[in-house]
Participant: 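Starting off with a structure, shown below.
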There are 2 protein chains.
Amino acid sequence: MNTAVSKPATHPAKVTIEVVAKRAGVSKGLVSFALNNRPGVAPETRVRILQVAKELGWKPSLRARSLSTQRSYALGLVIARNPDVLASDPFFPSFIAGVESILAPEGRALVLSVVPDAETELKTYRSLVADGRVDGVFLSDLRHGDPRIPLLAELGLPAVTLGRPDGASPFPAVTVDDTPGVIASVAHLATLGHRRIAHVAGSSTLLHGSRRRAAFAAAVREAGLPEGQTIETDFSVAAGSDATRRLLTQETPPTAIVYANDPMAIAGLGMAHELGVRVPDELSITGYDDIDICRYVYPPLTTVSAAPMVWGRAAASTLLALMENGSADDVDLPAARLVIRGSTAPPRG
Amino acid sequence: MNTAVSKPATHPAKVTIEVVAKRAGVSKGLVSFALNNRPGVAPETRVRILQVAKELGWKPSLRARSLSTQRSYALGLVIARNPDVLASDPFFPSFIAGVESILAPEGRALVLSVVPDAETELKTYRSLVADGRVDGVFLSDLRHGDPRIPLLAELGLPAVTLGRPDGASPFPAVTVDDTPGVIASVAHLATLGHRRIAHVAGSSTLLHGSRRRAAFAAAVREAGLPEGQTIETDFSVAAGSDATRRLLTQETPPTAIVYANDPMAIAGLGMAHELGVRVPDELSITGYDDIDICRYVYPPLTTVSAAPMVWGRAAASTLLALMENGSADDVDLPAARLVIRGSTAPPRG
DNA sequence: TAGCCTGTCTAAACCGGTTCAGTGTGGACC
DNA sequence: GGTCCACACTGAACCGGTTTAGACAGGCTA
């Protein structure tokens, strides 16, 4: 008996490179060549193959291609943060939106990992590589002597650092210099007449945390002011609030506070209100990031505007270029700049 | 600086299933069986194979496995939002942290896409499926008659909806009911003595936007109050601020405003300050989400606490169960509950 | 006319797993 | 002692691409 098995009519038989080749009357290999714009295919044959491929609606299987090329066509981002801090930080959503705007048209995907601590973070990089999930990664939140750099170098995984690391690095850096913004904040306050300016800093294990802190100290010296009081935090709003209370309940409190990020500045604003300290009359406040909400608190926040989406785009482009060419140049984006709003004013007589 | 990636100097000969098989003196197939806990392997053989695999440090290649099993061992999340709104919304970072806490131990990855509009969103789902990037997806920000549901059903991609969709859906829903929180907000305000309560709603094209709005209307009726004024927004802080101005500059402004999310409520707080309307003395305010910063603005915000991390965990578990068993039950998480803080008080006599 | 490229194309190996038909062995049963 | 079966295991096909060695035709040179 001849068994005529009827296919389940629903699925129109998967189109593979084999099918395209047969239909175009050539071999698999040639279809592959034509698709990848490789030399050695007669022009009219190439056209015919691509025409057939189009007719059949063939898209090469990413999985099969991955296996033979040993690449995944995806990039990775690992974020090691306390979920609370992460949630109030608007940097990553914007950064990711920027990254996506570059990756999507290239047919690449972004693999995201959010991990609780630095140890898990290293493990995550290891397994991303071991599983071949990604062809390259973004390195954010650089730390002093960042262990991720040697690790990735050892693993041979292309990477781009967000900002310049403090040690040697084989990877291109895409940088938004945050120093000028902090310096401008202090200069702005000094010009207004403030002499006791304090700083609520981020974590000094993070490079940008300590860099902003150093910039603050330098700017205060530069302005010929007495050394500014600095309190280190973990970037969380809770810590920002606490630090503000400590600063304002001293005998001679500062007349201005420079915060290392906007959420802490907003929390500081709240604490000032609570303590009956009027902003900006009795206390001037500056933030960092220029998140959307800064414009709408009262008084609107003077802050430093970075451009995380642009940063994301530049980082993605650089990483793709690195993977394509084996090398890529560092990119220096326009420095973050001060945006003056209502939360800063001359100190009260 | 121009940086090139240097490959790791030592290539310790890649360990494949072939190598393990040879070393253990069995065939590839048997190694595969042993690894996947399939029956038909003698107990001591299984032990020996696993032992050898461990010695050699063999990890099966995800890529090869993907090709033969036609699965990617990754899940997808597509977020269609204006980057500004996304940045100020703390939901996703927390949600993702929750999702990751389930996926990571399972060796699954999360593929994230951030797209600008609903049209691109559908295309993105199509290409995630076409490329076989993911085995399942999370559906957030449900809309009325959401086109993603039939699309994904047609594509045969497993999915989990965050909340119950309004139409028929073949997918399990993981829900945090937001209605009780809104009702509790209104009831709380009514109990305090407010009679003119307004609502700054989110986009009514989003299911949760219109559901919160309906809950608000119902609660106002329930409390025997005159119909509350409602202004629809796009969830952005700018819109929240504008809406607040419109409400407060009327002849008889409301004495309380219920906001559909926290960022808008905080912007509303700012606007009230700007207009010289004291909170909570002259105006009570409630938010929704209980983001970290609520506690630290002044006055601290009365809001509704959802638990996005828990939600993420539940959604991830459900999606994995769905993929494993072919079906999964709906999950109803504890309803979001009202957290009373300083931004609500009896209306000024 | 032979010899040698050059350009086009094919066949087959390869990536590294999974899966399935089938082989061989030993014990239970009759 | 022969039959049957369960179990353990092998070999090869398969997933769907990429890549390489080599076949073949035609034009050019010597």
Participant: Using OP1 and OP2 only, check whether a side-chain N or O of B:R63 sits under 4.0 Å from C:dG16.
Facilitator: no
Participant: For C:dC14, does either OP1 or OP2 sit under 4.0 Å from a side-chain N or O belonging to A:Q70?
Facilitator: no
Participant: Does C:dT19 have OP1 or OP2 under 4.0 Å away from a side-chain N or O of B:R38?
Facilitator: yes
Participant: Measure OH/B:Y73 against C1'/C:dG16 and give the value in whole Å, please.
Facilitator: 13 Å
Participant: Here's a test for you: under side-chain contact (heavy atoms from CB on, under 4.5 Å), which of B:T318, B:L142, B:L152 qualifies with B:T161?
Facilitator: B:L142
Participant: Hey, are B:R63 and A:D131 close enough for a salt bridge, meaning a charged N less than 4.0 Å from a carboxylate O?
Facilitator: no
Participant: Rounded to 10°, tell me the angle between the two end axes of the helix from C:dT1-D:dA30 to C:dC30-D:dG1, each built from five pairs.
Facilitator: 60°
Participant: So, B:D166 and B:R143, do they make that salt bridge, N to O below 4.0 Å?
Facilitator: no
Participant: Could you tell me whether A:E119 atom CD has more than 12 heavy atoms of other residues or ligands within 6.0 Å of it?
Facilitator: no
Participant: Mind listing the closest non-hydrogen atom pair of B:L35 and B:L50 along with its distance?
Facilitator: CA-CD2, 4.4 Å
Participant: For B:R23, does the CZ atom sit with more than 12 other heavy atoms under 6.0 Å from it, leaving out its own atoms?
Facilitator: no
Participant: Atom CZ of B:R71 to atom C1' of C:dT18: distance rounded to whole Å?
Facilitator: 11 Å
Participant: Do B:R108 and B:Y73 meet the cation-pi criteria used here (NZ or CZ under 6.0 Å from the six-membered ring centre, within 45° of the axis)?
Facilitator: no
Participant: Is A:S68 near enough to C:dC15 that one of its side-chain N or O atoms lies under 4.0 angstrom from OP1 or OP2?
Facilitator: no
Participant: For the pair B:F91 and B:F95, name the ring-plane relationship: parallel under 30°, tilted 30 to 60°, perpendicular over 60°.
Facilitator: parallel
Participant: Rounded to whole angstrom units, what separation is found between the NZ atom of A:K28 and the P atom of D:dC14?
Facilitator: 12 Å
Participant: What are the atom names and distances for every N/O pair under 3.5 Å that joins the protein to nucleotides 5-8 of chain C?
Facilitator:
none

Participant: Whether A:T16 contacts D:dG16 is assessed here as follows: a side-chain N or O lying under 4.0 Å from the phosphate OP1 or OP2. Is that the case?
Facilitator: no
Participant: With a cut-off of less than 4.0 Å, is there a side-chain N or O of B:W58 near OP1 or OP2 of C:dG17?
Facilitator: yes
